[in-house]
Every structure is written in C-alpha cells, then in structure tokens.
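Data block below; observations after.
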Amino acid sequence: MTTEGVEVGAQEVRPQLGNAPVQLPEPVAQLARAVAANRKGHATIGALAPSPWLFPGGQPGRPISTTQLTQRLNQLGIRPNQARSTALFQLATEIPAAILARTLGIHTDVAVAWQRLSVGDWANCAAEVSCRIPVMAAATRTARRGRQHTEHLT
C-alpha cells in the first residue's frame, strides 16, 4: 500500500482497499496516522526521495516483505496469522460459502470447509437440532410417566 492510497485527515483515516476507501475506527486510526508520519525502512538512508510505500522495505523503492512485517508485528505482540484466521472463520459464519469464495478469490470447496470448521454450516446445525427433538420428547414422556406412576402410588 502506498501513502497515496491512504487519506489522512485530522478527524479520519481512510485507506483505499479495493474500489472504496474504508474509514478506520479509533484507536486504529491514530496508529495509522503515526505510521504514515514516521515511515522508516532500511533503504531510506541516502535515498533521494522518500519511499512511496506506507511500509518501506529493505530495498529502495520496494515495500516491506510479508515475512519482515510479520516478524515486526510479532515483536510487538501482534499475531497477524492468528488474527487473519480468526477473521476468515468469522466471515465463514456470517456469509454463504459462494459469496465468501467469490469475495476472497478462493475455491468454493475451501469456503465450504471453512464454514464447517467454524460451525457456520447451518444445514448441519438444523439437521442436528431436528435429530435431538425426538430424543428430548422421549425424555419428557418418560419423566411424565414417572410422575404419574409416583402419584398413583401415593
């Protein structure tokens, strides 16, 4: 992401993600302001112009690598892989597999597997509930019979 792709204002910060900018909530917006104002990379020493990247990398004109960014975040106690997995599984519980697959550019089978793993497969949930109802009804009938038998004895 380049600095041109982020609108930083006094009241809001809006990175351009896809076709539309997204307004960041506080305190994330404050962190984004700090990052935009204090961009430093290993290649900035002796550079003629500041890097256009929001997260400059070790090579002039290049962004930071995924591995290096992950290491830096891990040092701060932020686990991006866990956060990504959590976000993906949360999405899988909220939207149908076909839409999830199309939105993320993944295969539909993968989206379906995520839904099943995240208990977002409502078809299975409905099937499980419908199987439990007769068992619960049988238990209720047994309890009633027990009470009737006890009342009959007294």
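Worth knowing before you read on, the calculation uses all heavy atoms, side chains too, and leaves out hydrogens, waters and symmetry mates. Just so it is clear, the structure is predicted and the values come from calculations on it, not from any experiment.
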_Inter-residue atom distance E7.CD - L24.CG, 0.5 Å rounding_ = 11.0 Å

*Dump the intermediate steps for side-chain contact (heavy atoms from CB on, under 4.5 Å) on Q23 and V13, then the final yes or no.*
CA-CA 6 Å; Q23 185 170 342; V13 177; over 6 Å; no

*Is any side-chain heavy atom of L54 less than 4.5 Å from a side-chain heavy atom of V35?*
yes

*How far does OG1 of T70 sit from CD1 of I64, to the nearest 0.5 angstrom?*
8.5 Å

*Mind checking whether V22 and R14 have side chains closer than 4.5 Å, heavy atoms only?*
no

*Which atom names give the shortest non-hydrogen contact between A111 and A97, and what distance separates them?*
CB-O, 3.4 Å

*Quick check: does any side chain N or O of Q68 sit under 3.5 Å from a backbone N or O of Q71, one acting as donor and the other as acceptor?*
no

*Validation row: T3, W53 side chains within 4.5 angstrom (heavy atoms)*: no

*Atom pair CG/CG of N81 and L73 - distance to nearest 0.5 Å*: 10.0 Å

*With L104, which residues qualify under side chain to side chain contact (heavy atoms under 4.5 Å, CB included), at least two apart?*
L88, L100, I106, W114

_Just to verify, what does R79 make a side chain to side chain contact (heavy atoms under 4.5 Å, CB included) with, not counting sequence neighbours?_
N74, Q82

_Over all atoms of both residues, closest heavy-atom pair of A36 and V8_ = CB-CG2, 4.2 Å

*Under 3.5 Å, side chain of Q115 to main-chain N/O of I95, donor-acceptor pair present?*
yes

*Can you name the side chain to side chain donor-acceptor pair (under 3.5 Å) partners of E26, sequence neighbours left out?*
R33

*Hey, quick one: are L31 and F55 part of the same hydrophobic cluster, counting side-chain heavy atoms closer than 4.5 Å, chains of contacts allowed?*
no

*When rounded to the nearest 0.5 angstrom, what distance separates CZ in R72 from CD1 in I78?*
13.0 Å

